[in-house]
Amino acid sequence: HGAQLCYTPMLHAAMFASEENYRKDNFEIHPSDRPLVVQFCGDDPQALLSAALLVQDHCDAVELNCGCPQAIAKRGHYGAFLLDEPELVVSIVAHMAPRLRIPVMVKMRVVPSNQHKSGGDTDAGAAANASASQSAGSDAGTGTNTDSGAGTSITTGSGAGTCTSDADADYVSITDVDADVLDNARVARAHRKTVALGLALQRAGCSVVTLHGRTREEKTRVACDWEAIAALRRALSIPVVANGGICVPEDIRRCLAATGAAGVMSSEAALENPAIFNNKPTSRTVQTQLAREYIQLAREHPPRCASVIKAHLFKLLYMGLNEAPHIRHKLGEAMEAAAILATAEEACAAEEAAAAANPEALSQRCDHEGAPHASWYRRHRHPAPDATRADA
């Protein structure tokens, strides 16, 4: 459905490296998933390297997650909470990059400064955009969509973003970033810490930086700061991917135009509607079609954990299940894959019958405020200040 780069769910590096069952349950590969980025979380450079070495023959890049804002990430000392220790983040990349045959990428959030505010200080800039995709065996994959079709593979630039030194290069100080570089890149004070970290990551060997335009604390309560992404893109020579603020298909072009990024990433909006990358808005009719497609894929490529199938179907069929609570309850009670898929087919049949009786009603867009039905993505969301941007 248009995603040009797919990501695995976030995998715990230490568990992945040490537990075979964890690897079997969480990493199932298929040729159609390529190009593929495997995303890891963790704070131990060697554990992250060990995990990456196990997958480098089965993917096109690995990514360090420094964006997860959830409480479990705080307890586990990973995700966005590593941004409190930028030197650690940089040292992880410097440890991994020269020891792998594939690129190392970083997903991060805006690093707050005393000047930071939602929407950001303004710098002139251009825009970026991202999309997400998942296979039948993935719980929450993400993907990227680029402006012109370029970017379906990941390569490091000639010199930029590559690390050729030995183990002594494992430590790259963020304080080495020259203030003149930030000045020359016209970086507003609200974005300087974010850009400084990006420059240090580039120097350490990072090949691509994905920036979510909100701080860890902001989550989706405020408008995504696309200007922070634009500032990072102007300062770096490696590709920058934009994340955040992608609610509807039209946001993809808007984000690319606003940030100038190489691509756009989306997670939750694409979990509900993988066709967002093909410019197909969310509606009950579209969701039923996607659910039918997913059911077929899940039969052809059954994941080890049936709960993964159920999680995806609850998102895809959220609106229809709200109209048929008895089927929703039945799906919730189903434990085996066969029962889950059969119940989902029952839900699809009910939606198709409703569409036959009232096709116009079920084809109405449901991805905006005031829509006739609240979709899964919008179930807890409210308009962000001065914009309708709210993406995970």
Side-chain angles (χ1 to χ4, degrees), residues 4-5 7 35 37-40 48 52 56 59-67 83 86 89-111 123 125-130 142-148 150-165 169-170 172-174 176-178 181-182 184-187 191-213 226-244 255-256 259-265:
Q4 295 168 315
L5 181 62
Y7 293 64
V37 177
V38 179
Q39 188 184 88
F40 289 111
L48 283 154
Q56 69 173 349
C59 66
D60 300 277
V62 292
E63 182 173 74
L64 174 65
N65 183 300
C66 295
L83 296 177
V89 176
V90 174
S91 69
I92 289 171
V93 172
H95 184 72
M96 296 175 68
R99 296 171 173 85
L100 294 170
R101 296 191 302 274
I102 56 176
V104 175
M105 304 162 58
V106 174
K107 163 76 183 297
M108 58 183 278
R109 283 178 171 261
V110 171
V111 181
D123 260 26
N129 172 353
T142 58
T144 55
N145 187 355
T146 61
D147 189 21
S148 61
T152 55
S153 63
I154 306 168
T155 57
T156 55
S158 55
T162 59
C163 184
T164 57
S165 52
D170 285 357
V172 179
S173 174
I174 191 170
D176 291 341
V177 175
D178 196 325
V181 175
L182 301 178
N184 291 337
R186 297 177 289 116
V187 180
H191 303 142
R192 289 175 80 89
K193 288 185 177 180
T194 301
V195 174
L197 177 55
L199 288 165
L201 290 170
Q202 177 175 270
R203 186 177 299 176
C206 181
S207 294
V208 178
V209 175
T210 296
L211 179 62
H212 183 117
W226 285 352
E227 182 52 41
I229 301 169
L232 184 66
R233 193 273 308 168
R234 288 193 296 272
L236 269 56
S237 59
I238 60 175
V240 171
V241 173
N243 180 223
C255 182
L256 286 170
T259 64
V264 172
M265 170 186 284

Quick one: [atom1] on [X] to [atom2] on [Y], what's the gap to the nearest 0.5 Å?
{"X": "L232", "Y": "M108", "atom1": "CG", "atom2": "CE", "answer": "6.5 Å"}
{"X": "K107", "Y": "E63", "atom1": "NZ", "atom2": "CD", "answer": "7.0 Å"}
{"X": "L100", "Y": "H95", "atom1": "CG", "atom2": "NE2", "answer": "9.0 Å"}
{"X": "I102", "Y": "M96", "atom1": "CD1", "atom2": "CE", "answer": "8.0 Å"}
{"X": "I229", "Y": "H212", "atom1": "CD1", "atom2": "NE2", "answer": "8.0 Å"}

Min side-chain heavy-atom separation [X]-[Y] under 4.5 Å:
{"X": "L199", "Y": "L236", "result": "yes"}
{"X": "L64", "Y": "V104", "result": "no"}
{"X": "V208", "Y": "P103", "result": "no"}

How far apart are the closest heavy atoms of [X] and [Y], and which atoms are they?
{"X": "A94", "Y": "R99", "value": "O-NH1, 3.9 Å"}
{"X": "A262", "Y": "P239", "value": "CB-CB, 4.0 Å"}
{"X": "S237", "Y": "Q202", "value": "N-OE1, 2.8 Å"}
{"X": "L5", "Y": "P35", "value": "CD1-O, 3.6 Å"}
{"X": "V89", "Y": "C66", "value": "CG1-SG, 3.8 Å"}
{"X": "P86", "Y": "L83", "value": "CD-O, 3.5 Å"}

Please check: side-chain N/O of [X] versus main-chain N/O of [Y], any donor-acceptor pairing under 3.5 Å?
{"X": "S207", "Y": "M105", "result": "no"}
{"X": "W226", "Y": "G244", "result": "yes"}
{"X": "Q39", "Y": "Y7", "result": "no"}

Exercise for the section: Kindly determine whether L201 and V90 satisfy side chain to side chain contact (heavy atoms under 4.5 Å, CB included), including the steps that lead there. Expected result: CA-CA 5 Å; L201 290 170; V90 174; 4.1 Å; yes
